[in-house]
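Here the structure comes first, spelled out in structure tokens, and everything after it is commentary.
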Amino acid sequence: MVDRKYVITQVQELQVIIHDLLDEDLVMNEAFQVAVMIEKLPPLWKDFKNYLKHKRKEMSLEELIVRLRIEEDNKAAEKRGCGNSTVMGANTVEDTSQNKRKRKQAFGPKSNSSKK
């Protein structure tokens with residue numbers, strides 16, 4: 001697999017090859033098919049590939065394809081987000097020393113005149 005083509009397109013091409021092999025009566029279990037697809041992921045998918053390799057639960061070919069679609073969508077959204085000029089984040093307000101004094105006066109101890 002290569003980085004410059006969509007992963008799902010390449011997975012579909014691999015599935016065609018696997019189906020051709022199955023048509024020729026070559027027995028290939030699903031776990032092997034999943035392992036081959038994970039191993040053939042492109043270099044930019046290294047982190048996701050390692051994540052999939054370390055999963056404890058065996059997954060089906062269908063589950064793998066769903067995960068690959070989701071990851072590819074996430075990568076595409078991330079790429080679109082990087083090109084966007086708006087920066088998402090929280091607005092911060094800095095207190096000046098004058099605002100702090102006003103707040104202390106408003107919420108600080110009351111004058112002695114109310115005790116009389």
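For this chain, numbers begin at 1 and follow the sequence in order.
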Checklist line | Interatomic distance, Phe48 atom CZ to Glu72 atom CD [nearest 0.5 angstrom] | finding: 10.5 Å
Next item on the list: Would you mind reporting whether Met59 and Leu52 have side-chain heavy atoms less than 4.5 Å apart?
Entry: yes
Check: side-chain contact (heavy atoms from CB on, under 4.5 Å) with Asn74: which residues, sequence neighbours excluded?
Finding: Ile70, Glu71
Notebook entry, point to check: Are Glu13 and Lys5 ion-paired here, with the side-chain N under 4.0 Å from a carboxylate O?
Noted result: yes
Item checked: Interatomic spacing from CD1 in Ile8 to CG in Asp73 - rounded to 0.5 Å -> 8.0 Å
Kindly list each side-chain donor-acceptor pair under 3.5 angstrom involving residues 28-46, sequence neighbours excluded, with atom names and distances?
unit_1 : atom_1 : unit_2 : atom_2 : d
Asn29  : OD1    : Phe32  : N      : 2.9
Glu30  : OE2    : Leu61  : N      : 2.9
Gln33  : NE2    : Met28  : O      : 3.1
Glu39  : OE1    : Lys53  : NZ     : 3.1

Note to self: Using 0.5 Å steps for rounding, measure from the CG atom of Asn50 to the NZ atom of Lys55.
What the structure shows: 13.5 Å
Donor-acceptor list for residues 16-27 side chains, cut-off 3.5 Å, not counting sequence neighbours:
none

Notebook entry, point to check: Got Glu58 and Glu63 here, is their nearest side-chain heavy-atom distance under 4.5 Å?
Noted result: no
Notebook entry, point to check: Can you tell me how far CD of Gln12 sits from CD1 of Ile65, rounded to the nearest 0.5 angstrom?
Noted result: 8.0 Å
Item checked: CG-CD distance between Leu68 and Gln10, expressed to the nearest 0.5 angstrom -> 11.0 Å
